[in-house]
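Computation of the quantities below employed the complete heavy-atom set of this structure, encompassing side-chain atoms and omitting hydrogens, waters and symmetry-equivalent molecules. For clarity, every value in this text was computed on a predicted model and none was experimentally measured.
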Amino acid sequence: MNDARRRRIRKLTSDLYESIQQLLGEYAGDLQEICDEEQEAFDNLPESIQCSDRGDAMQECIDALESAVNSCEDADMDDVFDSIQSMLETCGAEL
């Protein structure tokens with residue numbers, strides 16, 4: 001593989017990495033906003049409803065949203081890109 005194609009691959013991979021990181025950050029922020037809204041709605045319910053099936057379902061939803069936000073924040077894109085780099089090294093296109 002010539003230098004020009006290797007440079008293109010490095011640029012594409014770098015752009016992809018940055019785009020994914022940005023999108024994950026935005027997605028996590030949006031999910032956190034929804035989670036906060038759901039938590040506020042739950043907190044504003046009377047205690048009798050909070051302790052009902054409806055309240056339990058809302059709390060499960062809040063927990064799931066928090067887990068999704070944490071997953072986005074903990075996503076290890078380095079592992080993904082290490083795999084890509086390993087494959088591209090075969091072509092002589094180190095990142």
Side-chain angles (χ1 to χ4, degrees):
M1 179 175 291
N2 68 22
D3 285 341
R5 285 190 286 276
R6 282 192 288 272
R7 281 192 302 273
R8 283 176 52 203
I9 289 172
R10 282 193 292 274
K11 172 86 170 95
L12 286 170
T13 305
S14 175
D15 290 350
L16 177 63
Y17 185 89
E18 290 174 15
S19 295
I20 290 172
Q21 290 296 94
Q22 180 180 350
L23 286 172
L24 274 175
E26 291 171 7
Y27 185 72
D30 290 345
L31 283 179
Q32 185 62 58
E33 185 178 313
I34 293 166
C35 183
D36 292 344
E37 291 169 8
E38 188 70 6
Q39 182 67 56
E40 184 176 344
F42 177 82
D43 292 343
N44 289 327
L45 291 173
E47 189 173 333
S48 61
I49 296 177
Q50 286 180 358
C51 297
S52 70
D53 289 343
R54 178 179 170 198
D56 290 344
M58 288 178 76
Q59 191 59 56
E60 284 181 30
C61 179
I62 291 164
D63 293 344
L65 287 167
E66 288 174 347
S67 292
V69 169
N70 290 335
S71 292
C72 289
E73 291 172 347
D74 295 341
D76 190 355
M77 294 309 301
D78 291 335
D79 285 345
V80 173
F81 282 89
D82 285 347
S83 296
I84 291 171
Q85 180 175 356
S86 176
M87 289 178 245
L88 292 174
E89 283 175 355
T90 303
C91 300
E94 296 82 18
L95 302 179

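Side-chain contact check for C35 versus Q32: some heavy-atom pair is nearer than 4.5 Å. Taking the side chain as every heavy atom from C-beta outward, E73 and N70 approach each other to under 4.5 Å. The closest side-chain heavy-atom distance from Q22 to E26 is below 4.5 Å. Using a 4.5 Å cut-off on side-chain heavy atoms (C-beta onward), Q39 and D36 make no contact.
The line from CD of E60 to CD1 of I62 is 10.5 Å long, rounded to the nearest 0.5 Å. Atom CG of L16 and atom CD of Q21 lie 10.0 Å apart (nearest 0.5 Å). Going from atom CG of L45 over to atom CE of M58 covers 5.0 Å, rounded to the nearest 0.5 Å. Residue R5 holds its CZ atom at 13.5 Å from CG of L12, rounded to the nearest 0.5 Å.
Side-chain atoms of S14 do not come within 3.5 Å of backbone N or O of K11 as any donor-acceptor pair.
Minimum heavy-atom separation, Q50 to F42: NE2-O, 2.8 Å.
For Y17, the ring-ring contact (aromatic ring centres under 6.0 Å, His included) partners at least two apart in sequence or on another chain are F81.
Other residues, nucleotides and ligands contribute over 12 non-hydrogen atoms within 6.0 Å of the CG atom of D43.
By the 4.5 Å side-chain criterion applied to Ile, Leu, Val, Met, Phe, Trp and Tyr, V69 is assigned to a cluster that also includes Y27, L31, I34, L65.
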